[in-house]
Amino acid sequence: MKVVREHYLRDDIWCGCETCTECKQDSTVLQRDACIESSLCSYPHYLVPDTNVVLHQIDVLEDPVIRNVIILQTVLQEVRHRSAPVYKRLKDIIHEQGRHFYTFTNEHHRYQ
């Protein structure tokens with residue numbers, strides 16, 4: 001039996017950032033001044049954690065100080081397969097609008 005899957009790449013997936021001039025997005029999730037109070041990184045930035053960070057440091061991500069985080073779709077899927085409790089906690093964080101967590105669909109983005 002031969003299985004064929006089509007994988008469509010899109011160039012109309014928004015980045016979610018207020019400062020982006022290329023995306024035609026109506027509403028953004030990530031803040032323009034993405035400042036996290038830290039002595040390690042004093043300039044505005046976004047966090048993009050990988051699967052291991054999410055799985056092993058979910059307590060850190062739940063801290064209200066952590067904002068403006070980009071969660072890749074592939075990371076979200078991997079966390080869902082590895083740990084249902086951590087996946088639920090991450091989804092709860094993503095749904096808190098004040099936290100500015102954004103899920104980016106990197107698997108279908110043309111410029112991955």
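For Asn52, there are no side chain to side chain donor-acceptor pair (under 3.5 Å) partners, not counting sequence neighbours.
Expressed to the nearest 0.5 Å, how far CG of Leu90 lies from OG1 of Thr103 amounts to 7.5 Å. Taking OH from Tyr87 and CD from Gln77, the interatomic distance works out to 8.5 Å, rounded to the nearest 0.5 Å. Note that CD of Glu78 is 8.5 Å distant from OG1 of Thr74, once rounded to the nearest 0.5 Å.
Shown here for Leu61 and Phe101, the closest heavy-atom pair between the two residues is O-CZ, 3.9 Å. A pairwise comparison of heavy atoms in Thr51 and Arg82 identifies CG2-NH1, 4.4 Å as the closest pair. Looking at every heavy atom in both residues, Ile70 comes nearest to Pro49 through O-CD, 3.4 Å. Nearest approach of Val54 to Val86, heavy atoms of both residues: O-CG1, 3.7 Å.
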TODO: Carefully, step by step, assess Val79 and Leu55 under the rule side chain to side chain contact (heavy atoms under 4.5 Å, CB included).
DONE: CA-CA 7 Å; Val79 169; Leu55 287 171; 4.1 Å; yes
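Within the 3.5 Å criterion, the main-chain N or O of Ile66 finds a donor-acceptor partner in the side chain of Arg99.
Sorted by first and then second residue, the salt bridge (Lys or Arg N to Asp or Glu O under 4.0 Å) pairs involving residues 46-61 (not counting sequence neighbours) are Asp59-Arg89.
Clustering ILVMFWY residues whenever any of their side-chain heavy atoms sit less than 4.5 angstrom apart, transitively, puts Val53 in a cluster other than the one holding Tyr102.
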